[in-house]
Amino acid sequence: MEILKDKIAEELAKLPGFVEAKLDPAAIRPLLGRPPKREMGDAVFACFIPAKNAGIKPNDMAVKLAAGFARGAMVESAAAAGPYLNLKLNRAAAIAATLAMVEMQPNFGDSEDGKGKTLVLDFSSPNIAKPLAVHHLRTTMIGNAIKKIRESQGWRVVGINHLGDWGTGFGKLIAGLKKFKPEIEESARKIADAHLKAHGMYAQKEPSPLGAMKVGELNEVYKRFNEEMKADPALEDAGRKEFAVLEEHIVALDKKGRTTIDGEINFRIWRAARELSLAEFQRFYALLHLKFERWFVEDRDRRVFWEGQGRLKPDEAFRDHAFYVGESFYVGRNDLCGKVIQDAKTSGVAKESEGALVIFTHGEKKPPVMLLKSDGATAYHTRDLASALYRQREFNGTELAYVVGGEQKLHFDQLFKALKMLGHEWADRCSHVDFGLLLFKQQDGTWAKASTRAGRVVILEDLLDEAVNAVREVIKEKNADLAADKDAAEQVARAVGVGAVVFNDLKNGRRNDIKFDWDDILNFSGETGPYMLMQYVRMGSVTEKYRETFKDQSWESGDAAKLTLDAEWGIAQLIADFPAALARASKEYEPSIIAKALIDLAAATSSWWTATRDTRIVNEADAEQSRARVRLVNAIRKVLGRGLTLLGIQLVEKM
RNA sequence: GCGCCCGUAGCUCAGCUGGAUAGAGCGACGGUUUCCGAAGCCGUAGGUCAGAGGUUCGAAUCCUCUCGGGCGUACCA
């Protein structure tokens, strides 16, 4: 419909009634729509607004327009129905035009709309030294989809994984490790000693003081420390102190200042925890076919590598992956946090309050933005301000977006306001792409947030594993051929299982809470990822059947006039709607718009499949019809495949 | 207390900047398979769009209030 509106509007504008009402194509286009029932017509023109302008009743206008109608190449007939002018289209022409457009573009629905524009997109951003929990799936999948969607519209998208690798929590972690596992401190001390004796030259590869520890174990230490802190408040100070030592150290490193042995030790423990975490995150990202690279300004070797790969060309450098730029980067690198603090002080925007340095963005009644805590350490806001400034300087974003849960709305309101107060007008182009909580069904049937305290944390990997296992069982049950090929079956199980979870996450508006119910996830019927993939796979099977039956692949010459079923017309319209859905999804940061469009297309396709059961889509007795239908099949396949890919779901050929 | 978000079928959700008789999926019930894949399809039942006012030719959609739910509310991130 959308892509046909131009043609329809153009034709209508030439008719006498429309000329008289001074309706040009641009004025007609937004008044076109689709009637609620198919019997009413293929398209509809609403007369309310032009009738008002002409000073007549909408019903009269519709009658008048219908009377002066003459058929054109696209619009065949028009009938007044109350205030509406219902139009019948030349379906063959409309379908042919639609199919031609799909076939013309390598990726149907892509546009150059965002050419020359940049989106800086913050997403995923897990905390190190903590296992990935299910809620990380949301920011990661929504962010990934948004990145792909924006790129399809011609944007340069700089994806940034704002790793939570800084903060007082790491002071506590270090204090905990020193307290419960003194051998780690010893090991770190030895490594640091060796380093200092070598006059500050870094060894090629230092051993890790954490050895083969797992993220889960680090988290246990952290939890135990917090537990004991309740009984012994002195531990809290110990944690703060360790963090202050770490922060001083990283700043000193950047300024090439003197470092201390304590700083060297804490730094090593922190760095090892970070490395170990990234290695674990990598497993999760690989499952989702997502790539994160370390931001190449972090170290020179990596930059050389990137230049060698020819990836540092503007635009291209940012496609297909995102960068890790942790919070720590802004503390260490050129003391970016320090600059923010200086600016806020000299401009008089920041005030001292209760021993801390803060900015009151929403009046004194609301909590302020915290720049320096009373213990002198930077806070969450400080590093977010520094990172925003760095990103804007480095990438000159047309838009800057943060894919972070809705519970942090206040934080981002404050952040953007603080930027504005500091004189950065581009704060207006920042947005918080918020999303709902992930809730789990409780024994009593109510929904509750996953939480560590209540022991409701679900480890992301477990969740994905379970989905993959379920798919593996279904494959065994339903597709023995595939199950026989172990490697292929495994690959499909992973794509379909992970795809099920991803689709479940993206199919509804992102602001909704996701109510996670295992029964729903493991049920593969209805509006689910496996259902979408199933339709995609079927379209592949039919194409295969066509090749075998007719020994040719020339479906692109198929004649649209052979597609006379209502179902075929319906499908063509849904396909024609796809580019508009994609554009809207891009503009609104809303992947669910694509998911919904795919659901409609897949459902229509499945009905059509059954509707053609008497002759089949590939009908040996009618080569012309088969060719036309397979032409449609391939358009469907292309759109479904493209849409699922944009949502970050892996395609499969068999399942 | 204050701020933000939300309330549509038993459950989970669509419904675009107001437009014709409010739509899907799940669940329930009843059909459907010599066939290109039944992870499918077809049908039935199920709604005072939380409630009350207002704006409008027209409101699930916009405004106000009430009720109900969620989230947030300075030294965690």
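Base pairing of rC29(B): its partner is rG43(B), meeting the Watson-Crick or G-U wobble criterion (both donor-acceptor distances under 3.5 Å). Base-pair partner of rU34(B): not found among the strands shown (Watson-Crick or G-U wobble, both distances under 3.5 Å). With a 3.5 Å ceiling on both atom-pair distances, the Watson-Crick or G-U wobble partner of rG72(B) is rC2(B). In this structure, rC13(B) and rG23(B) make a Watson-Crick or G-U wobble pair, each of the two defining distances being under 3.5 angstrom. Pairing for rG58(B) is absent, judged as Watson-Crick or G-U wobble with the two contacts each under 3.5 Å. Shown here, rU48(B) forms no base pair; nothing in the strands shown gives a Watson-Crick or G-U wobble contact with both key distances under 3.5 Å. Across the strands present, rG7(B) finds its partner in rC67(B); the criterion is a Watson-Crick or G-U wobble pair with both atom distances under 3.5 angstrom.
Atom-to-atom, CD1 of Ile521(A) to P of rC26(B) comes out at 15 Å; the value is rounded to the nearest Å. As a whole-Å value, the separation of Phe435(A) CZ from rC4(B) C1' is 16 Å. Distance, Lys596(A) NZ to rC16(B) C1': 14 Å, rounded to whole Å. To the nearest angstrom, P of rG15(B) lies 8 Å from CD1 of Ile593(A). If you take NE2 of His411(A) and C1' of rC5(B), they are 18 Å apart, rounded to a whole angstrom. In this structure, Tyr536(A) atom OH and rG37(B) atom P are separated by 16 Å, rounded to whole Å. Rounding to whole angstrom units, NZ of residue Lys130(A) and C1' of rC76(B) are separated by 8 Å. In this structure, Arg510(A) places its CZ atom 12 Å from C1' of rC5(B), rounding to the nearest Å.
Under 4.0 angstrom from either OP1 or OP2 of rC76(B) there lies at least one side-chain N or O belonging to Arg240(A). Considering only side-chain N and O atoms, Asn512(A) lies under 4.0 angstrom from the phosphate OP1 or OP2 of rA14(B). Listed pair Ser607(A) / rC42(B) meets the phosphate criterion, a side-chain N or O lying under 4.0 Å from OP1 or OP2. Within the structure, a side-chain polar atom (N or O) of Tyr531(A) is placed less than 4.0 Å from OP1 or OP2 of rC41(B). For the OP1/OP2 pair of rA39(B) and a distance below 4.0 Å, the side-chain nitrogens and oxygens of Lys478(A) include at least one atom meeting the criterion. Residue Arg538(A) places no side-chain N or O under 4.0 Å from the OP1 or OP2 atom of rC36(B). Contact annotation: Ser606(A) reaches the phosphate of rC41(B) (side-chain N/O to OP1 or OP2, under 4.0 Å). Phosphate contact (OP1/OP2 of rG40(B), side-chain N/O of Thr610(A), threshold under 4.0 Å): absent.
Taking a cutoff of 4.0 Å between a charged side-chain nitrogen and a carboxylate oxygen, Arg383(A) and Glu327(A) qualify as a salt bridge. Using a 4.0 Å cut-off between charged nitrogen and carboxylate oxygen, Arg629(A) and Glu568(A) count as a salt-bridge pair. We find that Glu227(A) and Lys223(A) are not joined by a salt bridge, their nearest charged nitrogen and carboxylate oxygen being 4.0 Å or further apart. A salt bridge links Glu544(A) with Arg547(A): the closest approach of a Lys/Arg side-chain nitrogen to an acidic carboxylate oxygen falls below 4.0 angstrom. Taking a cutoff of 4.0 Å between a charged side-chain nitrogen and a carboxylate oxygen, Asp434(A) and Arg510(A) qualify as a salt bridge. Ion pairing between a basic and an acidic side chain is recognised when a charged N comes within 4.0 Å of a carboxylate O; Lys88(A) and Asp42(A) show no such pairing. The existence of a salt bridge linking Asp375(A) and Lys241(A) is excluded, since no basic side-chain nitrogen approaches an acidic carboxylate oxygen closer than 4.0 Å.
Residue Val542(A) places its side chain closer to rC36(B) than to any other of rC36(B), rA74(B), rU73(B). Listed candidates were rC71(B), rA77(B), rA20(B). Nearest to the side chain of Pro35(A) is rA20(B). Among the nucleotides rA20(B), rA77(B), rC26(B), the one closest to the side chain of Met40(A) is rA20(B). Of the candidates rC71(B), rC36(B), rA77(B), the closest approach to any side-chain atom of Glu407(A) belongs to rC71(B).
Of the two residues near RNA chain B, Glu527(A) and Trp609(A), the one whose nearest nucleotide lies more 5' is Glu527(A). Mapping Phe524(A) and Lys515(A) onto RNA chain B by nearest heavy atom places Lys515(A) at the nucleotide closer to the 5' end.
Ser374(A) comes within contact range of at least one nucleobase, with a heavy-atom separation under 4.0 Å.
Taking the six-membered ring for Trp and the full ring otherwise, the centers of Tyr531(A) and Phe524(A) sit at least 6.0 Å from each other.
At a cut-off of 3.5 angstrom, counting only N and O atoms as typed in the model, there is no donor on one side facing an acceptor on the other between the side-chain of Glu327(A) and the base of rA77(B). Applying the 3.5 Å distance criterion, the base of rC36(B) shares a donor-acceptor pair with the side chain of Thr612(A). Between the side chain of Asn86(A) and the base of rA20(B), at least one donor-acceptor pair of N or O atoms lies under 3.5 Å.
For rA77(B) and rA14(B), the P atoms lie 34 Å apart once the distance is rounded to whole Å. Comparing the P positions of rG58(B) and rG18(B) gives an interatomic distance of 15 Å, to the nearest angstrom. On the P atoms, rU44(B) is 23 Å away from rC49(B), given to the nearest whole Å. Here the separation of rC4(B) from rA9(B), taken at their P atoms, is 26 Å to the nearest Å. With C1' as the reference atom, rG70(B) and rG53(B) are 26 Å apart, rounded to whole Å. Nucleotides rA74(B) and rA20(B) place their P atoms 47 Å apart, quoted to the nearest Å. Using atom C1' as the reference point in both rA59(B) and rC36(B), the two lie 48 Å apart (nearest Å). Separating the P atom of rG47(B) from that of rG54(B) is a span of 27 Å, rounded to the nearest Å.
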